[in-house]
2 protein chains.
Amino acid sequence: MTNNPADSTSESLPDSPGATGQPADRRSTLHDVAARVGVSPRTVSRVVNNEEGFSEATRERVLEAIEELEYRPNLVARGLVTQQTRTLGLVVTDLSDPFFAELANGAQRAAITNRYNVFLCATDNEADQQANVLDSLRSHGIDGTIVFPATDTDDGLRRVAADVPIVCVDHEVDHPRITTVSSDLVAGARMAVEHLVDRGHTKLGMVASKFSPSDRRRREVGFLAAHRKLFPGTPEPMIVRTEPTLEGGRSATAELLDRDPSITGIFAYNDITAIGAILAATDRGLTVPGDLAVVGFDDVPLAAVFGPPLTTIRIDRERLGQVAIEMVLAMMGGSRTGRPSPQILPVELVVRAST
Amino acid sequence: MTNNPADSTSESLPDSPGATGQPADRRSTLHDVAARVGVSPRTVSRVVNNEEGFSEATRERVLEAIEELEYRPNLVARGLVTQQTRTLGLVVTDLSDPFFAELANGAQRAAITNRYNVFLCATDNEADQQANVLDSLRSHGIDGTIVFPATDTDDGLRRVAADVPIVCVDHEVDHPRITTVSSDLVAGARMAVEHLVDRGHTKLGMVASKFSPSDRRRREVGFLAAHRKLFPGTPEPMIVRTEPTLEGGRSATAELLDRDPSITGIFAYNDITAIGAILAATDRGLTVPGDLAVVGFDDVPLAAVFGPPLTTIRIDRERLGQVAIEMVLAMMGGSRTGRPSPQILPVELVVRAST
DNA sequence: CTGAAAGCGCTTACAG
DNA sequence: CTGAAAGCGCTTACAG
C-alpha cells in the first residue's frame, strides 16, 4: 500500500497506537479516521453525524478509531458547508460591570442547554472596536449574536445583521433581522421616584449615563414622567449625565448637590453610580439616608452588602441573558418564524437601607 | 457570458450597485469581487493580503469592488489553509469575579495591539464545561489560548496543548506547549501575615478556596511559612477552605471564630471572601478592625470603597492579562523560540482601614 | 450499506 | 503582471 512511516516501527497489530500512546502532533481529521478503519471519509462523516446507512460493525470500528486518534470534528470546516457552527456571540461594552458578567452567565447557561457555545467580546463602548469584534465573530461563522450596543452604532449593526441575526439588549434598531430584549427601565425609574416620594423626599436629582444617546434614555424618561405626575406644574428635576462608573456617580452627585443643595433624593443610573453618589454624600459630611437618600439600578451582588445596603431596582440578569438566547435561536429558525417581537422584562423595587 | 440575474434589472453601468444600494443578502466572497472586476480570485487575494504582483490600476478597481460589495475576508476559510486565524481564547472559571473581568480587559487590550482578537469563555469551574469550550475554541482554529484552569484538569489541558499553545494563569502544567504566568501569591501571603503581626495580632486564621487542589495552594503555603517564621514552635494557624464567594467567606470566618474565638486576624483568599469575613464579624457584633482585622487579596475596585475600605494584596490584573498575551504570542512563534519560562509578577500590600 | 465527485471560501506553490 | 489547479476539513446531492 502507501508507505506509512509508522508501519516500520509499530507491531503488526493494527489497533495499537504508536509507542508513545500519543496521536500524531497534527490534529487528526475525518480522513485519518477513515484511513485507519479502511473506509471512505463519507462513512465516518455518517457515523459522526448519526445519519443512516452503515452496518453496526462499521460503526463500532469507526468509533474505536475516533477514540484512539482523539478525533474531534472541525466545526468550522463543517460550518463552511452547513453554514452553521452552533456558536453564538455576545458582545458587551464593559466586562468589569457586574451587570454584564451576570448577563453573560445567564446567556451561556441557556446556550449550553441548547447545545450552543458562546464567545464573549468587549467593546469598551467604542464603535471601532465593536465593528472589529462583530466582524471577527461573523468571520468565525457564528449563527447569531446578542449585543449591548456601543453608542451610535445602528448602521454598523444593520450591516452585520445582513449576515447574522442580532438581539439587542435595551436598544431597538429598525431592521428585519434585529430584535430587542430589554428591562422595563421606564417602570423601574417610576418605582424609584415613587419610593423616594413615599419616603418624604420632594427635591430629587438624577445621575444619568452620558453613553446613552437620546433614544436610549429610558430611565430619564421614566424619571421625568413620574416626577411630572407627582408634582404637576413644578420645575423639572435636575439630571446630570456622566460616565456610568463609581467616580462618575461621585462627581455627578457632587455637581447636583452644588447646583441645588436642597436635593435630598438621588436616583442613580446603576448601582455602581449609586455607590458613587453615597461616597459623594459622605465626602461632604452628609449621612445616608438621613441627609440624602439614594436609589440604584440593577441590584448587583455587592449592592446588598455595601454600607449602607442599597435600595435599588432589581433586573433579573440571568433571565435577561436566557431570553436573549431564546430570541436569537428563534430568529435563526429561518425567516418562516419571522422576527420575534421585542420583549420587555419586568423589574422590581428592592428596599434596603440607603433610603 | 454566464447568466447573471442581476444583469437583467440593473443599468449597464457596471459600477452601480442594485437599486436598494444593498449587496446581495448572501455575504460576498473573494469570488464575487473577482467576478465584478473581471479578474481571477487569485488577484483579489493578492491585493487583500498586500502581496506583490498587480498593476496599480487593478489594485484600485479591486479596492473599489471590495468597498461596493462590502467584502470582508472569511478569516476561518483563510485559517483552514494558513492554519492561523489571529484569534486567541481566554477561558476563566467565573465571569462575575471582577478579578477575571479586569484580567480579560488587559488581555483584550494587549491582543488588539497585536492585531489579534480574543474570545472569552467561562467554565464555572467545571471540567466538562472547560473541555467543551476549549474544544469549541480549538475547533474555531484559534492560534493560542490563556486559561485559568478549572480544578484538576491537567490532562484535558495537555490534550488540547497538542493543537494549540496554552498559557495558564496561576497554575503550572508539565507540558512543552503549556507555560505559566502567575502572581507572587506566596510573597503576598507573607506580606499579609507580616502586616497583621505588625498590627499586634498573634492569633491568625485563614479563609482559603476549596477549588484549589494541593498543588495550587500558594497562598496557604505562604501563610503557613510566614507564620512558622514569625512564631517558631507554636501550633499552626487554622485554615478553612470554602467556595471563593462572599457567602463562602462569611461562613468560613464564622467557623474559624467558632473554633477559636481568640483569633483577631484573618487572611482571606480574595477581596470577595474578605468582605464576607467582615460581614461575619459584624454578624456577631465584632468591630473591624477593632476586634477583628481582615486582609484581602486582589484589590478589586470595590475594595477601596467598601465600609471599611479593605486592606489587601494588590495584583495588577491588566498587566497579568498583557503578559499572558505576550507569552502566548511568543509560544506561537513556533518551536524555534522554545517554551517561554514561567513568569511570576510581583504583588503589593495596600493598607486601608480593615486592619 | 457504501463511495466518488463537487464545493463551502480561501491560499499555496506553480506556470506563463 | 496574472491565472488554473490543488487542497485546508468537512458535507451535500448523487450513484451504485
**Request:** Tell me whether the centres of the aromatic rings in A:His140 and A:Phe119 are closer together than 6.0 Å.
**Result:**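 Judged by ring-centre distance (under 6.0 Å), A:His140 and A:Phe119 do not meet the cut-off.
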
**Asked** Can you tell me how far P in D:dG9 sits from the matching atom in C:dT2, rounded to whole Å?
**Response**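 One P to the other, the span is 25 Å.
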
**Item:** P gap between D:dG7 and C:dA4, integer Å
**Value:**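 Rounded to whole Å, the distance is 16 Å.
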
**Residues within residues 134-144 of chain B bordering DNA chain C, heavy-atom distance below 4.0 Å** =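 None, since no heavy atom is under 4.0 Å.
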
**Complete:** A correct 5'-to-3' footprint of nucleotides 8-16 of chain D, with B, S and - meaning base, sugar-phosphate only and no protein heavy atom under 4.0 Å, is BBBBBB---

**Request:** May I ask you to test the A:Arg78-A:Val48 pair for a side-chain heavy-atom distance under 4.5 Å?
**Result:**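 Contact flag for A:Arg78/A:Val48 side chains = yes.
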
**Prompt:** Should B:Ile178 and B:Cys168 count as side-chain neighbours, where that means a heavy-atom distance under 4.5 Å?
**Reply:**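 Yes, their side chains come closer than 4.5 Å.
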
**Prompt:** For A:Gln108 and A:Asn105, does a side-chain donor sit closer than 3.5 Å to a side-chain acceptor?
**Reply:**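 Result is no, nothing qualifies.
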
**Message:** Just N and O in the side chain of A:Thr58: are any of them under 4.0 Å from OP1 or OP2 of C:dT2?
**Reply:**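 For C:dT2, OP1 or OP2 has a side-chain N or O of A:Thr58 closer than 4.0 Å.
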
**Message:** Apply side-chain hydrogen bond (donor to acceptor under 3.5 Å, both in side chains) to residues A:His175 and A:Asp154 and explain how you reach the verdict.
**Reply:** CA-CA 10 Å; A:His175 186 284; A:Asp154 287 12; over 6 Å; no

**Asked** A:Ala150 and A:Glu126: which non-hydrogen atoms are nearest, and at how many Å?
**Response**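 Residues A:Ala150 and A:Glu126, closest heavy atoms: CB-N, 4.0 Å.
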
**Message:** Please give the stem ranges for DNA chain C, sorted by first residue number, where a stem is three or more consecutive Watson-Crick or G-U pairs and both donor-acceptor distances are under 3.5 Å.
**Reply:**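 Counting only runs of 3 or more consecutive pairs, the stems involving DNA chain C are C:1-3 with D:14-16, C:5-12 with D:5-12, C:14-16 with D:1-3.
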
**Message:** Counting only heavy atoms from other residues, nucleotides and ligands, does the tally under 6.0 Å from CZ of A:Arg42 exceed 12?
**Reply:**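 More than 12 within 6.0 Å, yes.
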
**Asked** Do you know which of A:Thr153, A:Thr123, A:Thr93 makes side-chain hydrogen bond (donor to acceptor under 3.5 Å, both in side chains) with A:Gln130?
**Response**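 The option that passes is A:Thr153.
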
**Request:** Keeping the roles fixed (side chain from B:Asp143, backbone from B:Thr85), state whether a donor-acceptor pair exists under 3.5 Å.
**Result:**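 Looks like yes, one N/O pair under 3.5 Å.
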
**Item:** Identified side-chain contact (heavy atoms from CB on, under 4.5 Å) counterpart of B:Val169 within the set B:Val92, B:Val147, B:Val181
**Value:**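 The side-chain contact (heavy atoms from CB on, under 4.5 Å) with B:Val169 is passed solely by B:Val181 among B:Val92, B:Val147, B:Val181.
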
